[in-house]
**Q** 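Mind looking over this structure? Questions follow.
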Amino acid sequence: MNKKFLDLGFQPLANEYLNYYNKKQKKYNLKIFFNTKNKLVSISERMSSKKMFTNNYPYRSSMSKTMKSSFKNLSKTIIKKFNPYLLLEIGSNDGALITNFSKKKVVGIEPCLNLAKITKKKGYTTYNEYWDFNLSKKLRNKFKAFDLIYSANTLTHISNLEDVFKSIDNVLSEKGILIIEDPSLLECIKKNSYDQFYNEHIYLFSALSVRNLLEKFSLEIFDIKNLETHGGSLRYYIKRKENKNFKISSRVNMQIQKELRYGLNKYLTYKKFSKRVQNSKRLLLKILKKLKKNSKIIGYGATAKATTILNYCRIDNNYIDFFVDTTPEKINKFMPGKNIKIIKYNKKVLNKIDYVFLGAWNFKREILKKERKYIKNGGKFITHVPFPKIF
Ligand code: TYD
């Protein structure tokens with residue numbers, strides 16, 4: 001049974017950056033549910049993929065050094081551990097992973113035309129399509145099977161998980177390995193990072209829920225890695241149950257136990273989280289109100305996550321003057337639902353700024369390193385993770 005535990009108010013599409021401030025930008029009520037049976041956490045609203053993943057999608061994996069090097073390291077691990085003959089990436093974005101492989105050995109799936117074009121132009125086979133069973137049939141006819149399927153931050157964006165795994169099952173070779181990675185529900189709850197919830201994140205996975213989802217397809221997790229990316233993610237290594245080539249690592253049970261100890265199987269845990277989220281909103285607004293009186297505050301990293309915060313906490317240009325970001329697709333546009341402009345990042349942009357709200361808190365380390373001078377000159381940051389504070 002799906003039980004509601006959190007209401008994040010009326011929200012626009014998190015990545016719908018418009019050229020002008022539109023007071024009437026379409027919004028929906030973002031509510032979060034916990035399924036007491038399969039332990040899956042999901043959002044109320046299911047937008048169609050076509051509406052969310054358009055031909056001008058603004059998210060680029062290669063925009064941060066952290067993500068680029070994470071994909072590079074992963075490609076080395078994949079080659080060393082599994083040495084795949086043919087790799088399929090579902091959601092290949094701008095090619096941050098596949099471009100680390102030889103062109104003959106990878107196939108990318110990317111529904112957003114602006115992104116698919118980037119890898120196509122570099123000579124990588126890229127299907128500009130949504131991941132579904134029809135596409136898997138097409139791939140099966142052409143390539144027979146893939147011995148490695150990888151997907152990061154994509155499967156949680158697709159509403160029909162049954163079709164997602166059925167399609168994977170259709171093209172994964174007998175001894176094939178499936179690697180998926182997505183933000184970790186446990187980390188989200190622990191860090192109070194409720195901004196992980198927005199229209200594109202239809203699900204927030206845990207090892208508990210992934211294990212349940214795979215059961216039907218005779219697939220099982222044989223290893224798990226905790227990652228720092230996206231504010232704390234889990235990488236799941238999955239195989240067919242009949243494949244005895246890999247032993248199940250003790251890390252799998254360790255993660256499951258950790259999640260159970262934290263109560264991810266209990267509705268009460270989520271109700272408590274919901275209370276903490278409401279407190280977080282109050283505290284963040286208190287900080288901003290106090291600071292705004294005699295200082296200049298801007299936002300850093302026009303993330304989809306920030307859309308959730310701004311719209312839930314009702315933060316507008318009365319608190320934050322503008323956001324800075326490096327993504328070309330976001331420049332000179334407005335934060336979804338809010339009258340806050342996004343301007344192009346440059347080194348001098350933080351001069352004369354007193355406080356910087358970290359929209360991209362998940363890149364805190366990278367950003368603090370980059371902004372050493374700002375910090376040295378007395379500049380301060382504001383974050384809401386794990387609770388609203390100035391540092
Ligand atoms: P991310 O947190 O990955 O995204 P989302 O919540 O949208 O899934 O996005 C990080 C954003 O921050 C992206 O728009 C790029 C921007 N950014 C900068 O502008 N400068 C930086 O130094 C870093 C690391 C990110």
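All values derive from a computational prediction rather than experimental measurement.
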**Q** Sub-3.5 Å donor-acceptor pair from the side chain of N318 to the main-chain atoms of D316, do we have one?
**A** yes

**Q** Might you confirm whether atom OH of Y28 has over 12 heavy atoms from other residues, nucleotides or ligands at distances under 6.0 Å?
**A** yes

**Q** K138 vs N134, test: side chain to side chain contact (heavy atoms under 4.5 Å, CB included). Steps then yes/no.
**A** CA-CA 6 Å; K138 202 158 45 169; N134 271 339; over 6 Å; no

**Q** Strictly by modelled atom types, are Y300 and E371 linked by a side-chain donor-acceptor pair under 3.5 Å?
**A** yes

**Q** Supply the atom-to-atom distance T125 OG1 to I98 CD1, rounded to the nearest 0.5 angstrom.
**A** 8.5 Å

**Q** Does any part of the side chain of L40, heavy atoms only, come nearer than 4.5 Å to the side chain of N212, both counted from C-beta?
**A** no

**Q** Please list, one pair per line, the donor and acceptor atoms closer than 3.5 Å that link side chains of residues 378-391 to other protein atoms, with sequence neighbours excluded.
**A**
| unit_1 | atom_1 | unit_2 | atom_2 | d |
| --- | --- | --- | --- | --- |
| T383 | OG1 | V385 | N | 3.2 |
| H384 | NE2 | D195 | OD1 | 3.4 |
| H384 | NE2 | D195 | OD2 | 3.3 |

**Q** Ion pair present between K26 and E16, side-chain N to carboxylate O less than 4.0 angstrom?
**A** no

**Q** Are any of the side-chain heavy atoms of L30 and N311 separated by less than 4.5 Å?
**A** no

**Q** Is the Lys NZ or Arg CZ of K330 less than 6.0 Å from the centre of F323's six-membered ring, within 45° of the axis?
**A** no

**Q** May I ask you to decide if the ring planes of F34 and Y267 are parallel, tilted or perpendicular, using 30° and 60° as cut-offs?
**A** parallel

**Q** Without swapping roles, check the side chain of N35 against the backbone of N2 for a donor-acceptor pair under 3.5 Å.
**A** no

**Q** By the definition side-chain contact (heavy atoms from CB on, under 4.5 Å), identify the one residue from S209, C188, S42 that meets it with L204.
**A** C188

**Q** Any sub-3.5 Å donor-acceptor pair from S44's side-chain atoms to K31's backbone N or O?
**A** yes

**Q** Would you call the rings of F165 and F217 parallel, tilted or perpendicular, taking 30° and 60° as the class edges?
**A** tilted

**Q** Do R240 and D169 meet the salt-bridge criterion of a basic N to acidic O distance under 4.0 Å?
**A** yes

**Q** How many angstroms lie between CD1 in I353 and CD1 in I298, if you round to the nearest 0.5 Å?
**A** 4.5 Å

**Q** Are the side chain of K296 and the backbone N or O of K352 linked by a donor-acceptor pair below 3.5 Å?
**A** no

**Q** State, to 0.1 Å, how close R314 and K338 come at their nearest heavy-atom pair, and which atoms those are.
**A** CA-NZ, 4.0 Å

**Q** For atom NZ of K241, is the number of surrounding heavy atoms from other residues, nucleotides or ligands below 6.0 Å larger than 12?
**A** yes

**Q** Would you list the pairs meeting side-chain hydrogen bond (donor to acceptor under 3.5 Å, both in side chains) in which at least one residue belongs to residues 63-73, sequence neighbours left out?
**A** T66-E366

**Q** Nearest 0.5 angstrom please: L148 CG to I78 CD1, how far?
**A** 5.0 Å

**Q** Check this for me: K27, atom NZ, are more than 12 non-hydrogen atoms of other residues, nucleotides or ligands nearer than 6.0 Å?
**A** yes

**Q** Side chains of N279 and R282: any donor to acceptor distance under 3.5 Å?
**A** yes

**Q** CD1 of I202 to OG of S49: how many Å apart, nearest 0.5 Å?
**A** 6.5 Å

**Q** Under a 4.0 Å threshold between the charged nitrogen and the carboxylate oxygen, would D321 count as salt-bridged to K292?
**A** yes

**Q** Hey, mind stepping through I315 and L285 against side chain to side chain contact (heavy atoms under 4.5 Å, CB included) and telling me if it holds?
**A** CA-CA 8 Å; I315 297 168; L285 282 172; 3.9 Å; yes

**Q** Does a sphere of radius 6.0 Å around CZ in R276 hold more than 12 heavy atoms from other residues, nucleotides or ligands, not counting ones at 6.0 Å or beyond?
**A** yes

**Q** Judged by modelled atom types alone, do E110 and Y124 share a side-chain donor-acceptor pair under 3.5 Å?
**A** no

**Q** Considering residues, nucleotides and ligands other than K166, do more than 12 of their heavy atoms fall under 6.0 Å from its NZ?
**A** no

**Q** Can you check side chain to side chain contact (heavy atoms under 4.5 Å, CB included) on W131 and L88, steps first, answer last?
**A** CA-CA 11 Å; W131 179 248; L88 175 73; 3.9 Å; yes

**Q** Answer yes or no: does atom CD of E242 have more than 12 heavy-atom neighbours from other residues, nucleotides or ligands under 6.0 Å?
**A** yes

**Q** Donor-acceptor pair, R140 side chain versus N170 backbone, under 3.5 Å?
**A** yes

**Q** Decide whether T119 and T126 meet the rule of one side-chain donor and one side-chain acceptor closer than 3.5 Å.
**A** yes

**Q** Between F82 and F246 (judged by ring centroids, cut-off 6.0 Å), do the two rings come close enough to count as a pair?
**A** yes

**Q** Which word best sums up how the rings of F205 and Y203 line up, parallel for under 30°, tilted for 30 to 60°, or perpendicular for over 60°?
**A** parallel

**Q** Between Y312 and Y194, does the ring centroid distance fall short of 6.0 Å?
**A** yes

**Q** Would you say the side chain of F143 lies within less than 4.5 Å of the side chain of L86, judging by non-hydrogen atoms?
**A** yes

**Q** May I ask you to check whether E181 and Y150 show a side-chain donor-acceptor distance below 3.5 Å?
**A** yes

**Q** Flag the pair F33 / Y270 as yes when at least one side-chain heavy-atom distance between them is below 4.5 Å, and no otherwise.
**A** no

**Q** For D354 and S295, indicate whether the former's side chain and the latter's backbone hold a donor-acceptor pair under 3.5 Å.
**A** no

**Q** So, N362 versus K305: side-chain donor-acceptor pair below 3.5 Å or not?
**A** yes

**Q** Looking only at non-hydrogen atoms, find the nearest pair between I79 and P84 and report the distance.
**A** CA-CD, 4.5 Å

**Q** Between T269 and G263 (side chain of the first, backbone of the second, donor and acceptor by atom type, cut-off under 3.5 Å), is there such a pair?
**A** yes

**Q** Where do E329 and N56 land on the side chain to side chain contact (heavy atoms under 4.5 Å, CB included) test, with the steps shown first?
**A** CA-CA 8 Å; E329 284 86 348; N56 199 17; 4.2 Å; yes

**Q** Near E228 CD, under 6.0 Å, is it more than 12 heavy atoms from other residues, nucleotides or ligands?
**A** no

**Q** Return the CG to NZ distance between D223 and K247, rounded to the nearest 0.5 Å.
**A** 12.0 Å

**Q** Would you call E259-K39 a salt bridge at under 4.0 Å N-O?
**A** no

**Q** Taking the side chain as every heavy atom from C-beta outward, state whether E45 and N199 have any atom pair closer than 4.5 Å.
**A** no

**Q** Would you check if the side chain of T303 reaches a backbone N or O of A306 as a donor-acceptor pair within less than 3.5 Å?
**A** yes

**Q** Can you tell me how far the CG atom of L113 sits from the CG atom of N128, to the nearest 0.5 Å?
**A** 5.0 Å

**Q** Going by distance alone, is a donor N or O of one side chain under 3.5 Å from an acceptor N or O of the other, for Q255 and N226?
**A** yes

**Q** Could you tell me whether the side chain of L135 reaches within less than 4.5 Å of the side chain of Y130, counting heavy atoms only?
**A** no

**Q** When you look at NZ of K225, are more than 12 heavy atoms from neighbouring residues, nucleotides or ligands closer to it than 6.0 Å?
**A** no

**Q** Are P183 and N153 close enough that some pair of their side-chain heavy atoms sits under 4.5 Å apart?
**A** yes

**Q** Quick check: do Y237 and R251 have side-chain heavy atoms less than 4.5 Å from each other?
**A** no

**Q** Can any side-chain N or O of E220 pair as donor or acceptor with the backbone N or O of I248 at less than 3.5 Å?
**A** no

**Q** Salt-bridged, K175 to D147, with N to O below 4.0 Å?
**A** no

**Q** For the side chain of K191 and the backbone of G231, is there at least one donor-acceptor N/O pair under 3.5 Å apart?
**A** yes

